[in-house]
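Structure first, commentary second.
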Amino acid sequence: MFRRVHHIAVICSDYTRSKRFYVETLGFEIVREVHRQERGSFKLDLKVGNSYQIELFSFPDPPRRLSFPEACGLRHIAFEVDDVQVAARALLAKGVQVEPIRVDEFTNKRFTFFRDPDNLPIEIYEE
């Protein structure tokens with residue numbers, strides 16, 4: 001029935017800041033950008049590799065995340081990378097704070113986390 005994840009939707013508090021982070025800092029390609037006048041919001045579709053898409057939304061006065069990292073709902077998003085150390089260094093060079101690299105106790109794969117401008121946890125996971 002379900003074949004794959006189609007997209008991930010993220011609501012941001014500051015559209016310009018988040019757009020810059022996802023496009024310039026993380027390097028995702030813009031597929032489409034729409035201003036929805038009647039809603040007072042933007043919708044930005046971003047290409048991730050060849051498969052998935054992130055939808056970045058802005059809305060007037062969105063509620064803040066109640067707690068983290070263990071709040072109900074989306075816990076984090078994760079992206080596969082070839083080398084976590086290389087990816088972490090590239091993020092650090094762009095001013096992104098990255099947690100220390102850890103090893104998954106079950107898969108023995110390396111991973112780490114960083115946060116977007118609204119504190120959404122983002123994981124990079126080595127395959």
Pairs satisfying salt bridge (charged side-chain N to carboxylate O under 4.0 Å, His left out), at least one member in residues 82-92, at least two apart
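Those involving residues 82-92 are D83-R110.
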Give every residue pair that meets the salt bridge (charged side-chain N to carboxylate O under 4.0 Å, His left out) criterion with at least one member in residues 42-53, sequence neighbours excluded.
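Qualifying pairs, neighbours excluded: R32-D45, K43-D45, K43-E55.
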To the nearest 0.5 angstrom, please state how far the [atom1] atom of [X] sits from the [atom2] atom of [Y].
X	Y	atom1	atom2	answer
C12	F21	SG	CZ	12.0 Å
L56	K19	CG	NZ	9.5 Å
L26	L91	CG	CG	6.5 Å
I54	D116	CD1	CG	9.5 Å
E126	N108	CD	CG	10.5 Å
R115	E99	CZ	CD	6.5 Å

Do V23 and L120 share a hydrophobic cluster (ILVMFWY, side-chain heavy atoms under 4.5 Å, transitive)?
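Yes: a chain of side-chain contacts under 4.5 Å links V23 to L120.
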Tell me whether V81 is reachable from V103 by hopping between hydrophobic residues (I, L, V, M, F, W, Y) whose side-chain heavy atoms are closer than 4.5 Å.
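Unlinked, V103 and V81 end up in two clusters.
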Any chance CZ of R39 has more than 12 other-residue heavy atoms, nucleotides or ligands included, within less than 6.0 Å?
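Not more than 12 within 6.0 Å, no.
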Report, as yes or no, whether the 6.0 Å neighbourhood of atom CD on E127 holds more than 12 heavy atoms from other residues, nucleotides or ligands.
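Yes, enclosed.
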Minimum-distance pair of heavy atoms, taken over all atoms of [X] and [Y]:
X	Y	value
A88	I101	CB-CD1, 4.4 Å
P100	T112	O-OG1, 3.3 Å
I8	I77	CG2-CG2, 3.6 Å

Going by ring-ring contact (aromatic ring centres under 6.0 Å, His included), H35 matches just one of F57, Y15, F42. Which one?
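Going through the options one by one, the only one that passes is F42.
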Would you call the rings of F28 and F79 parallel, tilted or perpendicular if under 30° counts as parallel and over 60° as perpendicular?
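Answer is tilted, since the angle falls between 30° and 60°.
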May I have the step-by-step check of side chain to side chain contact (heavy atoms under 4.5 Å, CB included) for V31 and L46, ending in yes or no?
CA-CA 5 Å; V31 175; L46 300 169; 6.0 Å; no
Taking only residues at least two apart or on different chains, which pairs with a member in residues 105-127 satisfy ring-ring contact (aromatic ring centres under 6.0 Å, His included)?
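Sorted pair list: H76-F113.
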Kindly indicate whether the side chain of Y22, heavy atoms from C-beta on, has any atom under 4.5 Å from the side chain of V10.
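They are in contact (side-chain heavy atoms under 4.5 Å apart), so the answer is yes.
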